[in-house]
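Written out below as structure tokens is the structure these notes cover.
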Amino acid sequence: MPLLGRSLLDTRVLSRQEIDAVFSKADAVGPRVTGQGLTPQTLSQTSSQDPSFSTPIGSVPAPTGPMTDAQGRVVCCLFFEPSTRTRMSFQMASYRLGLQVLTMELSAGSSLSKGETLTDTILNFTAMKPDVLVVRYGNSLELDQLLPRVGVPVLNAGSGTNAHPTQALLDAYTLRTEWGDLQGRKVLIFGDVRHSRVARSNFDVLGKLGAEVGVFGPENMSLSPEEARTFGVKLFSSFDEALPWADACMGLRVQLERHQERALDLASASEYHEQYGLTNQRLKLIRPDALILHPGPINHGVEFAPEVVNDPRSRVLQQVTNGVTVRAALLALILGLKG
């Protein structure tokens with residue numbers, strides 16, 4: 001079984017076949033963890049993979065109760081950086097699968113406030129013998145080197161500017177449920193690309209699935225031509241040229257916490273929005289059948305105009321739903337859960 005007993009620290013370790021296996025598992029657990037039926041696209045793909053699958057659209061019941069072998073299994077969530085969607089979706093996925101969850105955040109309630117190191121915290125939780133660790137942290141070479149060696153499967157819930165594997169998988173899954181196949185599709189990622197772990201993981205996953213990726217942003221937040229070639233992405237110098245090119249547009253917030261100089265090179269957030277944001281005027285440049293994504297949190301009036309999330313092309317909240325589904329699928333695959 002793919003991923004059984006394995007860690008997922010970066011999508012680069014995944015083959016195309018393993019990504020497809022995660023998506024197939026997400027199709028299977030989706031009704032259980034979200035209470036939703038399968039979409040027509042997902043149903044079509046599931047039936048093509050399994051000829052015996054013939055449940056009519058709209059008649060898929062939401063399974064109840066824990067999955068086989070879930071009882072007594074414990075997921076420890078260690079969040080050393082703030083999180084809303086990732087943390088809560090891991091918790092929701094775990095509960096819906098029948099797993100037990102322990103969560104620790106960076107706060108005054110932990111021994112980190114007494115001077116304990118992140119490494120000691122990880123090692124102490126590992127010594128409690130959880131079945132899976134879910135860890136989010138900032139740039140840390142020490143943890144990058146430690147986590148592959150802890151002897152417990154680890155799911156990376158976001159690490160510095162390096163990787164956010166589960167976000168990239170849920171982004172691609174969102175597009176796949178809409179399109180059925182990403183081969184030949186064009187995805188634009190715009191905003192603070194340089195400091196985004198989401199962008200880096202998406203370059204990898206979307207590329208493996210056959211999509212072409214383009215990027216756009218302010219010069220000090222975008223990629224250099226050399227970096228774009230290294231990542232295999234198309235570098236745009238004009239937002240108004242990039243938007244009509246894309247089948248899907250993904251906005252990214254300005255991550256000031258990861259900038260060496262914690263300030264924009266612009267007079268104000270409104271100036272950034274006018275030059276580099278998805279304004280109401282620029283919404284008209286996006287094709288009628290294109291999709292709009294954002295990994296969150298959204299800074300309204302900066303990367304997105306307030307109306308963007310309510311645009312009929314927006315799939316921002318569907319990404320959140322799919323975050324529960326994909327993270328449940330990963331937990332089920334790592335733990336070998338069935339049913």
Side-chain angles (χ1 to χ4, degrees), residues 161-164 167-168 171-172 174-175 179 182 184-207 209-256 258-259 261 263-309 311 313-316 319:
T161 58
N162 298 320
H164 199 340
Q167 181 68 47
D171 293 337
T174 300
L175 296 175
W179 296 334
L182 274 67
R185 294 288 189 166
K186 298 175 179 178
V187 181
L188 174 69
I189 301 177
F190 67 91
D192 190 0
V193 178
R194 176 175 298 279
H195 303 93
S196 174
R197 55 196 176 197
V198 172
R200 280 162 172 71
S201 291
N202 264 293
F203 296 160
D204 179 65
V205 173
L206 295 174
L209 295 174
E212 183 179 358
V213 180
V215 299
F216 171 78
E219 185 175 354
N220 65 331
M221 300 182 203
S222 189
L223 303 179
S224 68
E226 294 75 18
E227 289 170 322
R229 284 193 292 271
T230 298
F231 288 118
V233 302
K234 181 179 177 67
L235 182 62
F236 284 94
S237 59
S238 166
F239 203 9
D240 293 353
E241 175 190 354
L243 289 171
W245 170 86
D247 295 302
C249 305
M250 181 187 299
L252 301 172
R253 71 180 177 88
V254 178
Q255 300 193 40
L256 290 178
R258 305 199 196 285
H259 290 210
E261 303 232 348
L264 295 175
D265 289 339
L266 298 165
S268 66
S270 62
E271 184 178 342
Y272 178 95
H273 181 61
E274 288 302 316
Q275 293 189 36
Y276 304 106
L278 189 51
T279 62
N280 287 323
Q281 190 65 27
R282 288 198 179 99
L283 272 176
K284 301 173 185 177
L285 298 176
I286 299 175
R287 298 205 305 265
D289 61 343
L291 302 175
I292 300 171
L293 307 177
H294 195 302
I298 298 171
N299 290 307
H300 296 284
V302 184
E303 64 267 20
F304 275 8
E307 294 79 10
V308 171
V309 173
D311 188 282
R313 293 165 292 186
S314 171
R315 297 297 182 272
V316 172
Q319 287 174 270

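What you see is a predicted model, and the numbers here were worked out from it, not measured in a lab. Side chains included, hydrogens not; waters and symmetry mates left out as well; all remaining heavy atoms used.
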Output a table of donor-acceptor pairs, distance under 3.5 Å, between side-chain atoms of residues 287-294 and any protein atom two or more places apart or on a different chain; print 'none' if there are none.
| unit_1 | atom_1 | unit_2 | atom_2 | d |
| --- | --- | --- | --- | --- |
| Arg287 | NH1 | Pro244 | O | 3.1 |
| Arg287 | NH1 | Ala246 | O | 3.3 |
| Arg287 | NH2 | Asp247 | OD1 | 2.2 |
| His294 | ND1 | Gly296 | N | 2.8 |
| His294 | NE2 | Glu303 | OE2 | 2.9 |

Could you grab the distance from atom [atom1] of [X] to atom [atom2] of [Y], nearest 0.5 Å is fine?
X: Ser237; Y: Glu219; atom1: OG; atom2: CD; result: 10.5 Å
X: Glu212; Y: Leu182; atom1: CD; atom2: CG; result: 12.5 Å
X: Ile189; Y: Leu223; atom1: CD1; atom2: CG; result: 9.5 Å
X: Ser224; Y: Leu235; atom1: OG; atom2: CG; result: 8.0 Å
X: Leu175; Y: Leu209; atom1: CG; atom2: CG; result: 9.5 Å

Who are the ring-ring contact (aromatic ring centres under 6.0 Å, His included) partners of Phe239, not counting sequence neighbours? Phe190, Phe216

Side chains of [X] and [Y]: closer than 4.5 Å at any heavy-atom pair?
X: His300; Y: Val309; result: yes
X: Val233; Y: Val193; result: no
X: Tyr272; Y: Met221; result: yes
X: Asp171; Y: Met250; result: yes
X: Val254; Y: Asn299; result: no
X: Asn162; Y: Arg197; result: no
X: Glu227; Y: Arg194; result: yes
X: Phe236; Y: Val215; result: no

Test your reading of the model: is there a side-chain donor-acceptor pair from [X] to the backbone of [Y], 3.5 Å cut-off?
X: Arg253; Y: Pro295; result: no
X: Arg313; Y: Ile286; result: yes
X: Arg185; Y: Trp179; result: no
X: Ser222; Y: Pro218; result: no
X: Glu241; Y: Ser238; result: no
X: His273; Y: Val302; result: yes

Heavy atoms of other groups near Gln281 CD, more than 12 under 6.0 Å: no

Is the shortest distance from a Lys or Arg side-chain nitrogen in Asp240 or Arg282 to a carboxylate oxygen in the other one below 4.0 Å? yes

Would you please test Asp311 and Leu283 for side-chain contact (heavy atoms from CB on, under 4.5 Å) and show each step? CA-CA 9 Å; Asp311 188 282; Leu283 272 176; 4.0 Å; yes

Please report the closest heavy-atom contact between Pro306 and Gly301, naming both atoms and the distance. CD-N, 4.3 Å

